[in-house]
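Just so it is clear: chains get the letters A, B, ... in the order the sequence lines come, proteins before strands, and each one is counted from 1. Everything numeric in this text was worked out from a predicted model, so none of it was measured.
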2 protein chains.
Amino acid sequence: MRERILDVSLELFNERGYDKTSLREIAERLDVTKAALYYHFERKEDILLELHLRLHALGFKALGHLESLASDQQRADAWPAVLDRFIDQLLSNRELILLHMRNYNALDQMQHDDRHEAENEDLQQRLTRLLANGDVPLAQRVRMACSIGAVMAVIGGYGGVFGTVPADELAELVRDAIRDLLLPDDRVDTGLRPRR
Amino acid sequence: MRERILDVSLELFNERGYDKTSLREIAERLDVTKAALYYHFERKEDILLELHLRLHALGFKALGHLESLASDQQRADAWPAVLDRFIDQLLSNRELILLHMRNYNALDQMQHDDRHEAENEDLQQRLTRLLANGDVPLAQRVRMACSIGAVMAVIGGYGGVFGTVPADELAELVRDAIRDLLLPDDRVDTGLRPRR
DNA sequence: GTCTATATTTCGATAGAC
DNA sequence: GTCTATCGAAATATAGAC
């Protein structure tokens, strides 16, 4: 039952937003009463919290990938596999990614749990370290940020425009795209790009 | 005063989220009472609505840029300037972009105004036409979606990691990046990219 | 584990004086 | 244009029976 509550909640949070989703709605869709939910979760926020912890798990994996990308930036033969797993992982957890994109503020301001706080800070710190690390050229770091946004955008789907495209085909195209983004050095200079 | 309300509201909506921002908070930060706000806006949603209309204006400009990019994809000499204006426009309206990123659901579910509805549908339709247009190769369309996400990500800044970088330098780096993303044909094949 | 019933709080919105 | 005072609705959360 606990799992059913989480499923339905994730659905509703993405449809209507966390704040506008009432416990009554969740209960209705599960054909139980509001009070029943309180047997499984002490507070409404605890539902969102549990979902966020699962998102965190994804985040840690993804960061692991990105970090190894940053350190292996010279060994181009090493990271295609890493990149593949990264994108596949995001693509196969679309609902959780959507939760992050569509409920940013609600997720950002949860503060009722210590473990959650710690994980949040850890993620934030590692992401910052990755993108603010002076050892990596700024241009490279900007491109890493771009690649994260790129993958997110396609997964979010901007209204599901790519909904009809098979997931693996989409993944392949995204991989190609952000490969061009992260490895611009593989190309010869056509004289078009650098304008300064 | 109306403008001051909008400014403070935009600030608070981005900090705490639209739903969690009460009129009391907005009023407090302006050193007036809640009731005073109702002289300037009939409903709370009308504040968000006005902000969204300004975001729409940005969206129309941006879409214009993107549409001309799509149609001019062969004339590589034509669009760098177009692209520049596009990115500059987004970068100089960071707060409004943030509103979109951090209050997706709240913005998505506003339905109290006819003009707003019409503009919303128009934008959605044109974006869909752009990204679902069968005349443009799927790979190209995926890359366009990627580029939108890339720009957004850097502007959103994932916690302001690039806050210390001068805006024009950042803009230049993003331009370079999404140029590589949108014009992969400018490069020679190293044998690394296509794997099928 | 789920129910009915109710307590508690908060917020959006209104009325009317100044 | 701003204030005080208040209404009404809706949501979270609790108490206690089954």
Could you give all pairs that pass the ring-ring contact (aromatic ring centres under 6.0 Å, His included) test and reach residues 131-157 of chain B, with sequence neighbours left out? none
Taking side chain to side chain contact (heavy atoms under 4.5 Å, CB included) as the definition, give me every residue that meets it alongside [X], ordered by chain and number, with sequence neighbours left out.
X	value
Leu91(A)	Ile87(A), Ile155(A), Ala171(A)
Asn133(B)	Asp135(B), Val136(B)
Ser92(A)	none

Span of DNA chain C engaged by chain B, first through last nucleotide within the 4.0 Å heavy-atom cut-off, is dC11(C) to dT14(C)
In chain order, what residues pass the side-chain hydrogen bond (donor to acceptor under 3.5 Å, both in side chains) check against [X], with sequence neighbours excluded?
X	answer
Arg43(B)	Asp46(B), His112(B)
Glu121(B)	none
Glu42(B)	none
Arg4(A)	none

Heavy atoms within less than 4.0 Å of DNA chain C: which residues of residues 7-23 of chain B have one? Give them sorted by number. Thr21(B), Ser22(B), Leu23(B)
Give the residues of residues 30-43 of chain A touching DNA chain C, defined as any heavy atom closer than 4.0 Å, sorted by residue number. Val32(A), Thr33(A), Ala35(A), Ala36(A), Tyr39(A), His40(A)
Could you tell me the separation between the CD atom of Glu45(A) and the P atom of dA11(D), rounded to a whole number of Å? 17 Å
Any pair with a residue in residues 95-118 of chain A that passes salt bridge (Lys or Arg N to Asp or Glu O under 4.0 Å), sequence neighbours left out, goes on the list, sorted by first then second residue, please. Arg115(A)-Glu119(A)
Leu6(B) versus Arg54(B): any side-chain heavy-atom pair under 4.5 Å? yes
